[in-house]
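Just so we're clear, the structure is a prediction, and the values are computed from it rather than from any experiment. Proteins come first, then strands; the chains are lettered A, B, ... in the order of their sequence lines, and each starts at number 1.
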Amino acid sequence: MKALVLRDLRLAVRAGGGFGLGLAFFLIVVVLVPFGVGPEADILRRIAPGILWVAALLAALLSLDRIFALDFEDGSLPLLATSPLPLEAVALAKAAAHWVTTGLPLTLVAVPLGVLLNLAPEAYAWLLAALALGTPALSLIGTFGAALTVGLRRGGLLLSLLVLPLYVPTLIFGAEAVRRGGEGLAATVPMLMLGGITAGTLAVMPFAAALVLRINLR
Amino acid sequence: MKALVLRDLRLAVRAGGGFGLGLAFFLIVVVLVPFGVGPEADILRRIAPGILWVAALLAALLSLDRIFALDFEDGSLPLLATSPLPLEAVALAKAAAHWVTTGLPLTLVAVPLGVLLNLAPEAYAWLLAALALGTPALSLIGTFGAALTVGLRRGGLLLSLLVLPLYVPTLIFGAEAVRRGGEGLAATVPMLMLGGITAGTLAVMPFAAALVLRINLR
Amino acid sequence: MLTVDALAVARGGVPVLQGVSFKVPDGTALILRGPNGIGKTTLLRSLAGLQEPLSGTVTGAGEESAYASHADGVKAALTVEENLAFWAEVYGRAVPEEVYAAFDLEPLRARFAGTLSSGQSRRLGLARLGVIGRRVLFLDEPTISLDAFSVRMFADWLRDVHLAAGGVAVIATHIDLGLDAPVLELSPFVAAPEATGGSDEAFL
Amino acid sequence: MLTVDALAVARGGVPVLQGVSFKVPDGTALILRGPNGIGKTTLLRSLAGLQEPLSGTVTGAGEESAYASHADGVKAALTVEENLAFWAEVYGRAVPEEVYAAFDLEPLRARFAGTLSSGQSRRLGLARLGVIGRRVLFLDEPTISLDAFSVRMFADWLRDVHLAAGGVAVIATHIDLGLDAPVLELSPFVAAPEATGGSDEAFL
Amino acid sequence: MSIWEYANPKKFVESTTPILPWLFALAGLSLVVGLVWGFFFTPDDFRQGSTVKIIYLHVPSALMAINAWLMMLVTSLIWLVRRHHVSALAAKAAAPVGITMTLIALATGAIWGQPMWGTYWAWDPRLTSFLILFLFYLGYVALWEAISDPDTAADLTSVLCIVGSVFALLSRYAVNFWNQGLHQGASLSLDKEENVADVFYQPLLVCIAGFVLLFLALVVLRTRTEIRLRRIRALEMRARRTGVSA
Amino acid sequence: MMPDLGKYADAVLGAYAASIVLLVLIVWLSWRKAVSVRKRLAEVEGRTDG
Ligand code: HEM
Ligand SMILES: Nc1ncnc2c1ncn2[C@@H]1O[C@H](COP(=O)(O)OP(=O)(O)OP(=O)(O)O)[C@@H](O)[C@H]1O
Ligand SMILES: Nc1ncnc2c1ncn2[C@@H]1O[C@H](COP(=O)(O)OP(=O)(O)OP(=O)(O)O)[C@@H](O)[C@H]1O
Ligand SMILES: [Mg+2]
Ligand SMILES: [Mg+2]
């Protein structure tokens with residue numbers, strides 16, 4: 001499994017900065033919103049937690065289709081499926097590599113982007129905590145979605161369609177935690193819920209993804 | 001050229017609803033934003049033009065990487081390049097097919113989504129007009145970006161990074177037109193600029209895309 | 001020994017082959033022959049466990065088998081060495097130095113796989129088989145794009161290394177590998193039009 | 001007549017072949033031979049105008065030529081008929097009914113190309129050549145995945161239809177097509193290590 | 001001798017070898033002199049207090065961020081038209097330096113904004129267009145990184161640079177239209193009346209000179225590195241070829 | 001020696017610190033890469049030409 005995680009990370013780095021690109025997309029979405037919405041600082045502050053979370057979601061989403069697609073196209077996936085590594089481990093490794101290349105850097109870079117959107121000063125700590133806790137769930141759910149759509153042409157768009165509704169709870173609790181934190185209210189409930197979602201997806205999603213992969217490879 | 005447009009449209013429809021998916025993504029992004037931002041009607045109304053335009057941009061973006069990638073993978077692209085059709089026409093046909101499957105349905109569906117976001121009643125006409133005028137530019141610029149990144153693994157994310165900054169002027173003028181329209185101000189200047197951008201990209205981008213395609217096929 | 005008994009396989013919901021039975025003793029290979037579209041790929045995928053057969057049994061494959069398809073899972077952004085090292089690690093082994101010579105990859109070791117010619121890239125795909133150390137190989141047109149010299153090299157490896165060590169191989173191919181192995185012609189096993197099984201059956 | 005004079009070609013910035021000269025009179029074919037990685041694909045791409053040669057000239061190709069690579073541009077989501085109709089329209093022609101018989105596609109006409117076996121899909125890729133009506137064909141390993149019968153069928157089409165009508169074909173292949181055509185062995189044309197040209201030259 | 005001869009990689013490396021240490025020394029000297037002068041020996045501004053000292057970093061870096069892009073535009077054009085490798089490699093070498101300059105301008109500007117405007121960031125047109133410039137730099141570098149064939153990469157990034165420049169200009173106009181800002185107007189115009197006071201002006205000029213020299217030195221150094229990388233690649237290719245054909 | 005920066009000391013010092021860190025970073029990165037590439041080239045040249 002370690003071999004697979006390392007290979008995926010290496011491929012991500014080789015193929016033109018896997019780290020950089022998810023980040024860059026996050027940055028761009030956050031920058032584009034003010035262009036659309038207008039430059040007023042108070043409105044921006046008001047919508048900042050939501051926009052940051054939606055942007056993180058979209059950035060995670062955009063790299064999902066590559067989780068299995070590349071291995072499917074060049075024929076690695078059947079080879080992996082007939083290898084001694086169980087498919088559940090393959091799915092978990094893929095999710096881990098996706099999180100390291102997307103979720104983790106997103107979390108780290110969210111703070112400076114918060115400045116661009118005039119995020120309330122009290123909210124920063126919560127933003128960091130909520131993203132760190134929530135992004136693994138995004139990667140895990142996304143891996144399941146990628147497994148569902150592997151082998152379909154135009155998988156990218158279909159994938160978004162399938163995965164985004166699954167992201168709604170994470171989004172709601174994540175943004176709520178940051179908003180409450182920013183307003184000085186207690187944010188423990190949404191944080192607990194976020195943690196619960198991540199733990200639950202960690203326990204279930206690799207199995208679901210492996211199941212679905214087996215069907216798709218048939 | 002007509003043959004190519006028709007083939008691409010047919011492929012889009014066959015491969016699991018090309019029309020439906022761009023739309024669905026648009027819908028989902030617009031729905032996600034209230035989940036992130038919170039349900040207050042006045043804030044939503046205030047940010048509605050911007051969010052609608054940003055969502056349209058992202059929906060257009062998401063299907064860009066498929067413009068040339070599929071033809072590249074299965075070897076059609078060199079065959080097209082050595083066919084009697086000039087590559088400029090190929091690029092234009094691709095942009096047209098992309099617009100018909102993405103820009104056009106986005107424009108049509110924007111009105112009901114405006115309702116979801118409490119868009120000001122006066123703004124609807126402007127929203128329609130601005131999207132109709134601006135989305136062709138999105139497809140044309142996107143075709144250039146897709147031509148730049150054809151053949152690159154992980155092209156999708158890199159493509160977004162390259163294309164989104166190019167979308168900034170379209171976004172600004174588009175959202176500004178809708179916002180001014182909604183506030184009852186004159187929106188002719190941004191509309192004129194939008195028209196100018198579309199005309200300019202129509203004149204230049206197919207050539208730039210063909211140039212870049214030739215380099216990539218070398 | 002690989003034993004296949006009365007196997008029936010389907011593709012796209014339609015039965016393709018039926019009543020396929022054969023035995024491949026340790027240390028020997030079997031060549032599958034048959035015109036395009038008869039079902040060689042379908043049969044090999046069933047043997048490798050990638051799809052369920054309609055009926056019949058396969059014994060002696062399972063955990064010890066490996067499958068190589070038309071596409072060979074070569075990563076363009078990794079070097080030749082890294083590609084092989086990855087598969088070795090997945091199978092919990094080390095890359096034996098001999099494979100580079102056996103598949104004529106010595107001068108290409110440090111090259112990115114994306115810059116190989118089609119035949120070179122296929123040789124890399126085949127070298128994977130020398131790395132993973134599986135006893136039972138299912139090979140689907142392994143020599144596509146290879147020149148005559150490389151075909152002979154591959155046949156030599158198969159005979160002198162893989163089969164000599166007691167391995168088994170089932171190979172679908174249209175050309176003559178120069179391998180002294182029995183040939184199974186698949187034409188007699190084409191599924192009868194009224195053959196049952198397949199997911200469409202319930203609707204017939 | 002296709003005339004190639006002192007052609008030198010490079011791949012990835014490195015000269016691969018040099019001094020390639022040959023003539024292919026109307027109505028004849030030329031077979032390119034050479035071990036994997038010698039530069040057959042590179043040469044054909046240069047002839048077809050997909051990449052610039054380093055030096056030398058090609059006359060008689062240009063607008064009248066067509067190129068067929070390893071990958072054959074078959075769209076899985078279109079039927080066999082639709083695939084051919086598309087290419088016919090791009091080249092401003094109609095699909096001649098004979099191609100279906102010539103490439104044994106008659107029973108597959110209404111099938112989605114994605115459900116074809118690898119050999120059937122390759123036949124469809126080759127049938128494109130019968131549809132577009134180009135006089136000069138550059139073919140890169142056209143018979144990959146084809147069974148012996150289909151190879152003969154393709155050779156017959158080439159001889160009796162394409163060449164008989166005064167066409168020209170340059171074919172890179174590792175197998176014997178059974179075509180009565182001169183063979184050009186590329187080994188003598190491998191670029192010398194000190195060959196100049198190629199974008200790397202400025203750095204040496 | 002024509003200037004184009006310096007576009008030969010070997011010639012370029014040879015002729016810059018003696019110059020490079022001097023460039024770095026001069027750059028270091030003027031930076032130290034300018035910054036020390038500015039930081040220790042200029043008075044506070046009556047309105048901005050000591051924050052005026054930030055100008056010695058902010059303005060030179062902002063200038064260089066824009067000029068670096070302009071330089072890349074010119075070298076890209078030269079590559080496309082005349083195909084001189086040094087030109088393409090110089091553009092590649094300049095981009096990370098340009099990014100650094102952009103980051104410095106953004107960082108110092110943001111830090112300056114807090115005391116002056118009461119916020120780290122405002123969607124002022126000048127700031128905003130700088131952010132867009134930053135995005136263009138990112139895309140440009142990412143494209144270079146993503147393509148393995150060096151000539152293809154040079155071609156594609158050159159086209160991107162040109163198209164990007166057009167859109168950057170357009171964005172500048174759009175952003176102006178979108179929001180009138182808070183930011184300072186031009187202070188270095190030729191019209192002496194409009195300029196900042198001489199006490200600030202003279203060290204500023206030294207700092208600008210220092211940034212220009214440092215930029216040049218870094219670009220030359222990095223271009224030499226890129227040339228060597230290409231040479232390594234070329235030599236390895238040739239070695240491989242002789243190995244194979246022998 | 002240190003000039004009195006008044007209430008803006010944090011801002012001014014922060015700006016100088018951030019800029020100097022970034023400048024040193026780019027110089028150091030460029031320098032390190034230049035050295036390592038020069039070494040590699042020397043190696044390769046020794047191997048191929050000699
Ligand atoms: C993140 C915030 C900021 C950014 C991105 C930024 C960017 C720029 C840019 C692009 C220039 C243009 C250089 C030129 O064209 O000559 C500039 C110049 C200048 N900036 Fe800023 N700036 C920022 C904040 C500030 C603040 C807060 C102040 C002070 C109140 C300030 C004062 C100046 C001055 C005095 C100039 C020189 C004007 C000139 O010479 O044209 N900037 N800045
Ligand atoms: N991007 C690249 N960089 C360096 N070398 C390359 C690159 N692409 C191809 N090559 C090399 O160029 C040579 C010619 O390749 P080409 O694909 O033309 O060979 P070929 O004769 O078609 O071989 P095959 O029979 O295997 O298809 C090969 O040795 C290959 O390794
Ligand atoms: N999805 C599908 N739906 C219906 N029929 C299919 C589908 N996929 C494959 N087939 C048919 O199943 C048959 C067996 O295909 P298979 O790929 O196993 O043949 P093959 O013997 O490997 O041929 P080749 O030598 O061309 O590779 C073919 O006739 C093919 O047309
Ligand atoms: Mg097959
Ligand atoms: Mg080839």
Hey, are the side chains of B:V115 and B:Y124 touching, using non-hydrogen atoms and a 4.5 Å cut-off?
yes

- Could you tell me whether the side chain of B:R10 reaches within less than 4.5 Å of the side chain of B:L6, counting heavy atoms only? no

Turns out that what part of B:L27 lies under 4.5 Å from chain A's heavy atoms comes down to neither

If you tally heavy-atom pairs under 4.5 Å between each of B:I28, B:V54, B:L61 and chain A, the highest tally belongs to B:I28

Between the CD1 atom in A:I141 and the OG1 atom in A:T201, the distance rounded to the nearest 0.5 Å is 5.5 Å

Check your understanding: Given side chains that start at C-beta, do those of B:W53 and B:L131 come closer than 4.5 Å, heavy atoms only?
Key -> yes

Among B:V29, B:V37, B:V31, the residue with the most heavy-atom pairs under 4.5 Å to chain A is B:V37

Output for pair (A:I67 CD1, A:L64 CG), nearest 0.5 Å, gives 5.0 Å

Turns out that what part of B:L52 lies under 4.5 Å from chain A's heavy atoms comes down to neither

Between B:L80 and B:R7 the two heavy atoms that sit nearest each other are CD1-NH2, 4.3 Å

For A:A137 and A:I197 the tightest heavy-atom approach is CB-CG2, 4.0 Å

When you compare the side chain of A:T135 with that of A:L138, does any pair of heavy atoms fall below 4.5 Å?
yes

- prompt: Can you tell if the side chain of B:F68 reaches within under 4.5 Å of the side chain of B:D71, non-hydrogen atoms only?
  reply: no

Given B:G36, B:G38, B:P34, the one with more heavy-atom pairs under 4.5 angstrom with chain A than any other is B:G36

Nearest heavy-atom contact between B:A93 and B:L4 is CB-CD2, 3.8 Å

Closest non-hydrogen contact found for A:T143 with A:A209 is O-CB, 4.3 Å

Original post:
So, the side chain of A:H98 versus the backbone of A:G142: is there a donor-acceptor pair under 3.5 Å, distance only?
Top reply: no

Among residues 165-180 of chain B, residues within the sub-4.5 Å heavy-atom range of chain A, in order of number, are B:P165, B:V168, B:L171, B:I172, B:A175, B:R179

Among residues 42-51 of chain A, residues within the sub-4.5 Å heavy-atom range of chain B, in order of number, are A:I43, A:R46, A:I47, A:G50, A:I51

